[in-house]
Structures are given as C-alpha cells and as structure tokens.
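Each remark here refers to the structure printed beneath this line.
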Amino acid sequence: MTQTLLTHCSAATMAPGDTPYGWIADAAIALDSGRIAWVGPRADLPAEYDWPAEDLGGRMVTPALIDCHSHVVHGGNRAREFEMRQQGASYQEIAKAGGGIVSTVRATREAGEEALLASALTRVDAMIAEGVTTLEVKSGYGLTIEDELKMLRVATRLGELRDIRIHRSYLAAHAVPPDYKDRADAYIDEVCLPGLEAAHRAGLVDTVDGFCEGIAFSPDQIARVFDKARALGLPVRLHAEQMSDLGGAALAASYGALSADHLEYLSAEGIAAMKAAGTVAVILPGAFYTLNDPQKPPIEALRAAGVPMAVATDCNPGSSPLASPLLAMNMAATLFGMTPEEALTGVTRHAAQALGLADCGMIAPGLRADLAVWDAEHPAEFAYRIGFNPLHRRIFGGRA
Ligand code: DI6
Ligand code: FE
C-alpha cells in the first residue's frame, strides 16, 4: 500500500464543470495504491490524508496524456514518398502506383518481430517523454492473418516493456493488399474477418477499426467488418471522411462506434449521427498538415453540436509521421481553431472516451493515478508552444 500526498502544485484536473480546465490553483492530490484518493484545494484537504507528502515545487499537474490514434508499429519509413509529394505527386497517386500504405505493408511483412518492436519503441519512448501513459496502437500494415497477428503481438509487448498502457485496434480493413487487387470483398472474407476471429481468440484485440475511403474500403465492406466485431462483442471505430464523404461517420455511429476519426469531409448528417450515438470525433491535424489537405474538419459545427473532440497524433509513416501529442495539440489549435482547453481535453478526457476507458483522462477520485507534472504555469501553454516539451515527470499507476 503506497499512500502519497502531492502538494505545492496547481492542477488542471480536466473534470467537466464551470471552472475552465477543472483548474485548482493550490491543489493537493492524494494517491493510494495506484489510484487517486482525493483531489481539491489544499485548504480543503481532510485531515485523514495526512500522508507522506511530496512537494512538487509549484509545478502543474494534469492527467497524463492519452494518444488515442496511432500506428506506431510499422516497418520502414516513407521519407522518399514525402520527397515525391514535395515534387507534386499526390498521396492518392502514390497509393495507386503501388506506394503509400502498400509500401509500408511490404516493409512490415519483411520485418521480424524484434525489429518491429525496436522501431516502435523509439516512437513510444518519444511519447512517454511527453507524458503519455495510454497509447492506442493499430494493426493494418500486415494484411495477412499472420502479419496482422504479428503487429498486435508487438503492440502488446510495448506495454510489457514500458510503463504504458497499450490499447490495441484491429485494422486489417486498412488497405487492399496487392495480392487482392480489385478483389476487396474477397480480402474481407478471406483475411479480414477470419483474422479478426483469430486475433480475438488470441486475446490481442481491444477495438476494431477500418478505413472507409475510395482508396480503401466501401461502407458496405466496413459494415461487414463491424457486423463481425459486434458478433464478437468488440467495440468499433472508423477512419472516416478523411478525403471524401462516404457517410462513414454515420455508418460508424449506427454501430455505436466509440469514435470516428479524421472527418475533414464530415457532413451535417454525420455530425448529427455522431452526437446521437455519443461517438467521439478524433481530430488528427498531423495528417491534415502532412497531406496539405485543402479542407479542415468542421470544428465549429462539432462544437456547436456538442460532439466531444479528441486530438491524436495518427503517428504513421505515410500521412502523419508525428510522434508528438504536444505538437498535435498546437496544430489542433493553430490550424483548426480549437481552443487550448479543447486541445488539452482532446488528449485527456475525450481521448479516454474515444477508447472507451472510464478510469483515466481526468484527475478525479477513483481514477488511475496516471499524471503528468509540468514546468508550466498556465494550461494554455501546451497548445501555445511549438516544439517545446515542459514535462517534469510522469506518474504511471501511482509510480514515478
Ligand atoms: N488514414 C491515414 O491517414 C493513415 N491510415 C489511414 O487510414 C495513412 C496510413 C499510411 O499512409 O501509411
Ligand atoms: Fe490513422
């Protein structure tokens, strides 16, 4: 039983309510056996929490960060394609010419499990250094049953080797592999669905994801994947409306999806469906920025409708080689007009909601003691700064 009292700190608890950021200027936070036992103004601390105190030297505490959308497990990189795009080729053209996702599929299939793990760890360590304690990781670059399982095993091992919680999404419906060119339906039947059953049986899946797009899978094909997820009792989420409006967000919402992600081309109907279903909008400014997308996601309409917005890195070798949730927050604010409070909520409370996790994302009694301690004075500093990391230290499950 470890009981600690954090004092001499401010706290952005991110608890909903009338106070922006759930702000407490002079806070005390009591931690008991890896959980938060009490949080509030130090002056209100009940006498029973007279526990060994740790003086945080006036620093700020927030919930630890959550990156709720990443593809950190992948082989190789696509710097060469970036070069081609800078010379005028489009992302879709490169994909059609056998590059794009498919080139990462080749590199991921060729990589051994240890090599995949080692390269993913470099990105995970970058996130840990920014205060991340929960990270979602997708498959989707294997596209054979065995290679998808391999990716999910590597994702699982990330959480065994580091103090971080890994949330795994099965994303075999990410791209049609070359061996199934023009036979997307056969790929769904022969690889995606049986692979999902196998991965679920092996205990490797927390959520099922898909890519609903002209260059990937149609709404009908995604629906078949979601039907299987439903039969297995797994929650779903979807890459939707990134490059065009196929009605993916509304489809996802009709399955009670935890989130719909990207959403640059989201329609008013899509927003209404997400609101009704409680589906979180995951905003991914890194992909928008990298692809030079001409269209922004409808932030104002999402805000007006009261759809919760999360912010994530989409860390992947093609469209978002971004391993910094802090920079994602800055981009969400600067490029999309999200407020600094929305950006911080997007990597804490709403990110937890996008993963279906009720035990993190805020500083509140009963939740996990996953905290970040920062050399910062005001919580708007995170979205304000560009390429600056004020993390002092991270507390994971109550442990420093
Ligand atoms: N949308 C994306 O932005 C990434 N995947 C997806 O479905 C791109 C992945 C890649 O280009 O490798
Ligand atoms: Fe993605």
Side-chain angles (χ1 to χ4, degrees), residues 67-82 84-85 89-109 119-120 123 135-143 151 155 167-177 184 192 207-218 221-222 225 236-244 246 248-249 252 257-266 280-293 295 297 310-323 325 328 331 351 354-355:
D67 190 355
C68 71
H69 182 139
S70 96
H71 309 249
V72 293
V73 175
H74 58 256
N77 72 66
R78 305 233 292 277
R80 175 65 192 121
E81 287 177 17
F82 175 66
M84 286 162 69
R85 280 207 309 279
S90 76
Y91 182 81
Q92 284 95 330
E93 281 163 8
I94 291 170
K96 282 201 186 107
I101 292 180
V102 161
S103 71
T104 298
V105 170
R106 223 176 294 125
T108 304
R109 286 180 181 176
S119 81
R123 296 178 276 278
L135 172 64
E136 188 258 12
V137 180
K138 302 175 193 298
S139 71
Y141 290 119
L143 311 186
M151 287 188 72
H167 188 96
R168 300 151 305 177
S169 297
Y170 179 83
L171 178 61
H174 191 199
V176 182
C192 191
T207 304
V208 176
D209 199 343
F211 188 17
C212 187
E213 194 58 64
I215 58 168
F217 296 93
S218 70
Q221 288 158 347
I222 295 295
V225 179
V236 301
R237 55 193 304 196
L238 189 63
H239 290 67
E241 273 81 283
Q242 182 185 5
M243 295 156 188
S244 61
L246 298 185
L258 290 171
S259 75
D261 305 38
H262 286 289
L263 305 174
E264 275 77 355
Y265 294 82
L266 180 63
V280 175
V282 178
I283 303 301
L284 303 169
F288 169 90
Y289 171 84
T290 301
L291 300 180
N292 239 324
D293 204 310
Q295 183 149 328
V311 173
T313 62
D314 196 14
C315 181
N316 77 67
S319 67
S320 188
L322 170 66
M331 288 178 173
L355 297 178

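When a ligand or atom number is given, it counts from 1 through the structure's own listing order.
- Here the side chain of Thr290 pairs a donor or acceptor atom with the backbone of Ser319 at under 3.5 angstrom.
- In terms of modelled atom types and a separation under 3.5 Å, the side chain of Ser70 and the main chain of Glu136 share a donor-acceptor contact.
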Report the C-alpha separation of Arg85 and Asn292 in whole Å, then their side-chain angles, then the decisive distance to 0.1 Å, and conclude whether the side-chain contact (heavy atoms from CB on, under 4.5 Å) test is met. CA-CA 10 Å; Arg85 280 207 309 279; Asn292 239 324; over 6 Å; no
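- Counting the atoms of ligand 1 from 1 in the order shown, those under 4.0 Å from a heavy atom of His239 are 1 (N), 6 (C), 7 (O).
- Contact of the Arg237 side chain with the Leu355 side chain is registered, since non-hydrogen atoms from C-beta on lie closer than 4.5 Å.
- For ligand 1 and Tyr141, the ligand atoms under 4.0 Å from any heavy atom of the residue are 9 (C), 10 (C), 12 (O).
- Residue contacts with ligand 1, taken as heavy atom pairs separated by less than 4.0 Å, involve His174 solely via side-chain atoms from C-beta onward.
- Applying side chain to side chain contact (heavy atoms under 4.5 Å, CB included) to Lys138 and the options Arg168, His69, His174 leaves one that passes, His69.
- At the top of the distance list for atom 2 (C) of ligand 1, counting protein heavy atoms only, stands Ser319 OG, 3.3 Å.
- The nearest protein atom to atom 11 (O) of ligand 1, hydrogens excluded, is given as Tyr91 OH, 2.4 Å; this is a heavy-atom distance.
- Heavy atoms of Arg78 found under 4.0 angstrom from ligand 1 belong exclusively to the side chain.
- Distances from the Fe ion (ligand 2) show that His69 has an N/O/S atom below 2.8 Å.
- Although no hydrogens or angles enter the test, the distance criterion places no donor-acceptor pair under 3.5 Å between the side chain of His167 and the main chain of Leu135.
- At a 4.0 Å heavy-atom cut-off, ligand 1 does not touch Leu284 at all.
- Note on Asp261: not counted as a metal contact of the Fe ion (ligand 2), no N/O/S atom lying under 2.8 Å.
- The shortest heavy-atom distance from His262 to ligand 1 is under 4.0 Å.
- In this structure, the protein non-hydrogen atom closest to atom 1 (N) of ligand 1 is Gln242 OE1, 3.0 Å.
- Of all atoms in ligand 1, listed by their number and element, those nearer than 4.0 Å to a heavy atom of Asp314 are 2 (C), 3 (O).
- Between the side chain of Glu81 and the backbone N or O of Gly318, no donor-acceptor pair lies under 3.5 Å.
- Residues Asp261 and Gln242 have side chains not in contact (no heavy-atom distance under 4.5 Å, counting atoms from C-beta outward).
- Taking the Fe ion (ligand 2) as the corner point, the angle from Asp314 atom OD1 to His239 atom NE2 is about 160° (rounded to 10 degrees).
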Output, in order, the C-alpha distance, side-chain angles, deciding distance and verdict of side-chain contact (heavy atoms from CB on, under 4.5 Å) for Asn316 and Tyr141. CA-CA 10 Å; Asn316 77 67; Tyr141 290 119; 3.4 Å; yes
